[in-house]
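Values reported hereafter were calculated over all heavy atoms of this structure, with side chains retained and with hydrogens, waters and symmetry mates removed. Indexing begins at 1, ligand by ligand and atom by atom, following the structure's order.
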Amino acid sequence: MNVQSRANGLKVSKFGGTSLATAEMIRKVCDIVVADPQRRLIVVSAPGKRTKTDVKVTDLLIACAQGQLTAGSAEKEFNDLVARYREIVEGLRMDDAVVGEIAADLRQRIAADVSSPEKFTDQLKAAGEDHAARLVAAYLRSRGTDAHYVSPKDAGLLLSDEYGNAQVLPQSYENLRKALVGAPGITIFPGFFGYSPAGDLVTFPRGGSDITGAILAAAVNADLYENFTDVDSVFSASPVVVDNPRAITKVSYREMRELSYAGFGVFHAEALAPVVKAGIPVCIKNTNNPSAPGTMIVPQRDNGNGPAVGIAADRGFCSIFVSKYLMNREVGFGRKLLQILEEERLSYEHTPSGIDNISVILGEKQFTAEKEARVVARIRGELGADEVSVERGLALIMVVGEGMRRRVGVADRATAAFARAKVNIEMINQGSSEVSMMFGVKADEADNAVRALYQEFFENHR
Ligand code: ASP
């Protein structure tokens, strides 16, 4: 791997929930950690699913909080949680007292003040990461490795007080740098939560351990941010839709941003922000196959391998089509239209437009039937539109690749692929970034569209 050496030779390695789900997985995590002396800052998620139908520890904790808030008791969830930890502790042949400590801490969290349900839920929800970090540190020590749990409170990871949706506060970076650079041995840091300036525990959105890892990497100016998950790499299309899609070995920050926008769920998009700003490369790797090269996400990449790096699709969109004769001459039409959406608290995604018409693409869930009726009536009444129609059940398909910028005929190839697959294109939008091209299709045609595009750009590789 050709990563330029940075200031301090540190790697931040984050392990996701499946990597901590069982004793066997935790052993693999620890083997990976000690295999590379640069891996000195480790971020862990809460134990995830052991099998497809299993429940994540974080979900058990949320159920536990809900039980306590609504019925004043959460015995079943508490017992399930303790059983999960007992299984792990026994599997790692650690002292049984560890289970007792975790159970006592859980009891304390369950008995916390419930006057703010959000605050109560967050402090309980974060227990999964906190216990996992303490456990991994203790296990590494039992194997003779100098490892230490570090609490986000002591390290100064300060977040906005938006429960379940917190954002990092700028002073955290300096705090973390001071606390973590030069720390002895290996630091094991829990993901997913930090503290508000008032001292209350707050969590990031779900999947937020990725964000913690990225913040730490930026704070210590790491050589590399490694993100260990349960796949060998990011694939160029969903393996559920395309058979054996090609693995992506290298992708630029911009490409990854566009792919995750349109449904590539392997990496938390928000998590890229701190590493992008600091120019730190990210490597997605598999805990079950650590010697596989994984996918590198880098500031820039050469684009010699075809126009597209990936094809993504996301469902759940709708469009509002508005037409009015001589719309192009009417100063302020677009602003007034978007203002109606703002007043209805609707966020929009795209606004492809023609001479006398404009479409607004938005997430379908927020656009309730009631809002739809009001918005349509307002656009007709206040803007004097000739026609307003709403189409639901749309999917957005994105062809993403740095290579598209300098190549002619990409749109041609894409539309020809749609035509061959007999998929009707409802909307085309080429973003000004030119690293992606977007197509709106009916949601039930999305898979066909992805397969057709994959065939065109990856199998008929030109
Ligand atoms: N455990 C948390 C979740 O399930 C955070 C994470 O895993 O990143 O959302």
Side-chain angles (χ1 to χ4, degrees), residues 12-22 25-26 28-29 41-66 77 80-81 84-85 88 102 105-106 109 118-136 149-152 157 159-160 162-168 188-195 201-218 225-231 234 256 260 264-275 282-288 297:
V12 170
S13 311
K14 181 255 166 179
F15 292 87
T18 47
S19 304
L20 293 133
T22 62
M25 289 304 291
I26 293 177
K28 287 187 195 173
V29 166
L41 280 175
I42 311 302
V43 175
V44 294
S45 287
K49 294 182 180 186
R50 292 161 292 188
T51 58
K52 272 212 169 80
T53 53
D54 199 12
V55 184
K56 289 177 167 193
V57 160
T58 307
D59 289 312
L60 278 176
L61 288 162
I62 293 170
C64 194
Q66 271 159 1
E77 291 81 5
D80 288 350
L81 282 159
R84 290 280 313 251
Y85 287 110
I88 292 174
I102 292 174
D105 181 65
L106 273 174
R109 290 178 194 249
E118 299 170 297
K119 201 193 273 191
F120 173 77
T121 303
D122 263 20
Q123 57 89 31
L124 199 49
K125 199 160 108 183
E129 273 70 14
D130 204 54
H131 294 149
R134 289 174 194 272
L135 218 147
V136 168
Y149 159 86
V150 171
S151 131
L157 177 50
L159 309 183
S160 61
E162 298 161 272
Y163 295 99
N165 196 27
Q167 297 192 51
V168 64
I188 315 292
F189 199 96
F192 192 38
F193 72 96
Y195 288 83
L201 188 155
V202 245
T203 65
F204 288 120
R206 290 300 302 270
S209 298
D210 282 349
I211 307 177
T212 307
I215 293 168
L216 260 55
Y225 173 31
E226 293 181 308
N227 201 290
F228 281 89
T229 170
D230 52 5
V231 288
V234 180
M256 195 63 215
S260 47
F264 272 37
V266 72
F267 199 64
H268 206 290
E270 208 185 317
L272 271 186
V275 279
V282 181
C283 188
I284 311 257
K285 281 175 90 70
N286 189 350
T287 303
N288 288 309
I297 310 173

Query raised in the report: Hey, are the side chains of D59 and R206 touching, using non-hydrogen atoms and a 4.5 Å cut-off?
Result: yes
Query raised in the report: Nearest protein heavy-atom contact for atom 7 (O) of ligand 1: which residue, which atom, what distance?
Result: S45 OG, 3.2 Å
Query - Min heavy-atom dist G208 to ligand 1 below 4.0 Å - result: yes
Report task. Kindly confirm or rule out an N or O of G207 lying under 3.5 angstrom from an N or O of ligand 1. Result -> yes
**Report entry** Ion pair check, D122 and K119, cut-off under 4.0 Å
**Finding:** no
Query raised in the report: Is the closest side-chain heavy-atom distance between L272 and V282 below 4.5 Å?
Result: yes
Report task. Give me the ring orientation class for Y85 and H131: parallel if the planes are under 30° apart, tilted from 30 to 60°, perpendicular past 60°. Result -> perpendicular
Requested in this report: Note the single closest protein heavy atom to atom 6 (C) of ligand 1, along with its residue, its atom name and the distance in Å.
Outcome: S209 OG, 3.4 Å
Query - Euclidean distance, D130 CG relative to F192 CZ, rounded to 0.5 Å - result: 12.5 Å
Query raised in the report: Does the N or O separation between R206 and ligand 1 drop below 3.5 Å for any pair?
Result: yes
Query raised in the report: Going through the checks in order, is the salt bridge (charged side-chain N to carboxylate O under 4.0 Å, His left out) test met by D80 and R84?
Result: CA-CA 6 Å; D80 288 350; R84 290 280 313 251; over 6 Å; no
Report summary line: Ranked by distance from atom 2 (C) of ligand 1, the top protein heavy atom is E129 OE2, 3.3 Å
**Report entry** Numbered atoms and elements of ligand 1 in range of K56, under 4.0 angstrom, heavy atoms
**Finding:** 4 (O)
